[in-house]
S.K.: 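This is the structure I want to talk about, given as structure tokens.
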Amino acid sequence: SYVIDNQALVTPVLSQMQASNIATTITELSSFTNRFYTTTGGSDASNWLKQKWAGMATGRADIAVTQFAHTGYNQKSVILTITGTDNPSEVIVLGGHLDSTIGNTGETSRAPGADDDASGIASMTEVLRSMIANGYKPRRTIKMIGYAAEEVGLRGSQAIAQNFKANNVNVVGVMQLDMTNYKGSANDIYIYTDYTDSAQNTFVGNLITTYQPTLTIGYDKCGYGCSDHASWTAQGYYASMPFEASFTQDNPYIHTVNDTFANSGGQANHSLKFARLAASFAIELGSDGA
Ligand SMILES: N[C@H](Cc1ccc(I)cc1)C(=O)NO
Ligand SMILES: [Zn+2]
Ligand SMILES: [Zn+2]
């Protein structure tokens with residue numbers, strides 16, 4: 001339910017999360033020449049993330065990391081699963097996309113994609129690290145997904161959301177993290193209201209006011225399916241997308257060689273807000289029994 005009643009489990013995980021760890025992951029991911037869905041870098045980045053997450057999960061028998069192969073291109077999506085203790089059939093999804101682009105992206109094209117979307121992957125990774133450090137075990141299942149091929153039409157998330165629907169996976173909530181580190185606007189977190197679920201968006205706002213009360217909230221619309229949340233909504237699942245800025249003030253460097261960590265401020269303080277929001281979302285929902 002959307003009742004916020006797991007403070008004892010959420011607060012310690014949030015307090016341990018650090019911007020410096022998010023910065024490290026953004027730097028690592030944006031150091032691949034590019035992460036385009038058809039290049040060597042795109043495949044290498046997928047394999048790198050699988051190994052990173054698997055290494056972090058060492059010793060946790062309830063955590064598995066797999067790759068989801070897509071037809072027509074080599075880049076695989078990465079799926080980390082924390083199997084729930086006593087309510088595992090109900091699933092929470094945190095997502096971000098692995099790929100990067102500068103438009104027509106070839107093998108040697110430089111597409112760092114630091115904000116779009118290394119920042120989202122890095123935010124999720126810090127959620128994982130802190131959950132493990134705190135020995136947090138969810139009752140429901142939590143999945144963290146690095147989608148392939150978002151930039152070319154939400155293709156990775158579309159395939160995964162369709163697969164989950166076809167297999168009747170009971171996903172109770174999805175949060176998309178795409179572009180979390182460029183503070184382009186006055187408010188801290190912008191909740192996007194199109195191609196998302198309004199009741200879940202209200203819950204997301206309440207999570208921010210409860211766990212990060214100093215942050216301010218804005219609302220906006222993309223006007224189209226602007227990231228992977230739209231793939232889940234299309235399948236009838238509840239999705240939300242908290243975003244870095246208002247629609248007209250998003251990171252102007254995206255999809256260029258200049259989407260660098262330095263051009264996002266050289267620190268990950270903005271991303272930390274989204275990482276903490278994602279952690280509170282996953283733990284509040286993940287700690288509910290059947
Ligand atoms: N289309 C999105 C970028 C994007 C998403 C939301 C907003 I507001 C502005 C821009 C993209 O490139 N995702 O990878
Ligand atoms: Zn993009
Ligand atoms: Zn993106």
S.K.: Could you verify whether a donor N or O on one side chain and an acceptor N or O on the other, from Thr39 and Glu107, lie under 3.5 Å apart?
M.R.: no

S.K.: Mind running side-chain hydrogen bond (donor to acceptor under 3.5 Å, both in side chains) on Ser119 and Asn181 for me, showing each step along the way?
M.R.: CA-CA 6 Å; Ser119 69; Asn181 202 35; over 6 Å; no

S.K.: Report yes or no: do Glu244 and Thr180 form a side-chain donor-acceptor pair below 3.5 Å?
M.R.: no

S.K.: Do Lys137 and Arg60 have side chains that get closer than 4.5 Å, going by heavy atoms?
M.R.: yes

S.K.: Taking the six-membered ring for Trp and the full ring for Phe, Tyr or His, determine whether the centres of Trp232 and Tyr238 are under 6.0 Å apart.
M.R.: no

S.K.: Would you please classify the geometry between the Tyr73 ring and the His70 ring as parallel, tilted or perpendicular, with 30° and 60° separating the classes?
M.R.: parallel

S.K.: Step by step, work out the side-chain hydrogen bond (donor to acceptor under 3.5 Å, both in side chains) result for Glu151 and Thr101.
M.R.: CA-CA 7 Å; Glu151 302 286 8; Thr101 188; 5.9 Å; no

S.K.: Determine, stepwise, if the pair Thr11 / Tyr211 fulfils side chain to side chain contact (heavy atoms under 4.5 Å, CB included).
M.R.: CA-CA 8 Å; Thr11 304; Tyr211 288 110; 4.1 Å; yes

S.K.: Take atom OH of Tyr253 as the centre, draw a 6.0 Å sphere, and report whether it contains more than 12 heavy atoms from other residues, nucleotides or ligands.
M.R.: no

S.K.: For His255 and Asp116, which I'm curious about, is there any donor-acceptor pair between the side chains at under 3.5 Å?
M.R.: yes

S.K.: Would you say Asp86 has more than 12 foreign heavy atoms packed within less than 6.0 Å of its CG?
M.R.: yes

S.K.: Hey, does Asn163 have a side-chain heavy atom less than 4.5 Å from the side chain of Phe68?
M.R.: yes

S.K.: With the side chain counted from C-beta on, respond yes when Thr233 and Asp197 share a heavy-atom pair under 4.5 Å apart, and no when they do not.
M.R.: no

S.K.: I'd like to know whether Trp48 forms a side chain to side chain contact (heavy atoms under 4.5 Å, CB included) with Glu28, so could you lay out the CA-CA distance, the side-chain angles of the two residues, the decisive distance to 0.1 Å, and finally the verdict.
M.R.: CA-CA 10 Å; Trp48 176 86; Glu28 289 168 335; 3.1 Å; yes

S.K.: Taking the side chain as everything from C-beta on, heavy atoms only, tell me whether Phe164 gets closer than 4.5 Å to Tyr237.
M.R.: yes

S.K.: Once the angle between the rings of Tyr2 and Phe203 is folded into 0 to 90°, is it parallel (under 30°), tilted (30 to 60°) or perpendicular (over 60°)?
M.R.: parallel

S.K.: Answer yes when Lys273 and Asp188 have at least one side-chain N-carboxylate O distance shorter than 4.0 Å, and no when they do not.
M.R.: yes

S.K.: Relative to each other, are the rings of Tyr192 and Phe243 parallel, tilted or perpendicular (30° and 60° limits)?
M.R.: perpendicular

S.K.: Applying side-chain hydrogen bond (donor to acceptor under 3.5 Å, both in side chains), run through Ser89 and Asn170 and close with a yes or a no.
M.R.: CA-CA 6 Å; Ser89 68; Asn170 185 8; 5.2 Å; no

S.K.: Given the rule that I, L, V, M, F, W and Y join up when any side-chain heavy atoms are under 4.5 Å apart, are Met241 and Met144 in one cluster?
M.R.: no

S.K.: Minimum heavy-atom separation for Ser271 to Ile22, with atom names?
M.R.: CB-CG2, 3.8 Å

S.K.: Among Lys143, Arg139, Arg140, find the residue that satisfies the salt bridge (charged side-chain N to carboxylate O under 4.0 Å, His left out) test when tested with Glu90.
M.R.: Arg140

S.K.: Start with the C-alpha distance between Lys76 and Ser43, add both sets of side-chain angles, then the distance that settles side chain to side chain contact (heavy atoms under 4.5 Å, CB included), and finish with yes or no.
M.R.: CA-CA 7 Å; Lys76 297 185 176 80; Ser43 291; over 6 Å; no

S.K.: Should Asn251 and Asp115 be marked as a side-chain hydrogen bond (donor to acceptor under 3.5 Å, both in side chains) after you check the CA-CA gap, both sets of side-chain angles, and the distance that decides it?
M.R.: CA-CA 8 Å; Asn251 188 335; Asp115 193 37; 3.0 Å; yes

S.K.: If only side-chain N and O atoms count, and only distance matters, is there a donor-acceptor pair under 3.5 Å linking Thr38 with Gln75?
M.R.: no

S.K.: Under a 3.5 Å threshold, yes or no: a donor from one side chain and an acceptor from the other, between Thr83 and Thr141?
M.R.: no

S.K.: Side chain to side chain contact (heavy atoms under 4.5 Å, CB included) for Glu126 and Gln18? Distances and angles first, verdict last.
M.R.: CA-CA 8 Å; Glu126 182 60 359; Gln18 300 175 55; 4.2 Å; yes

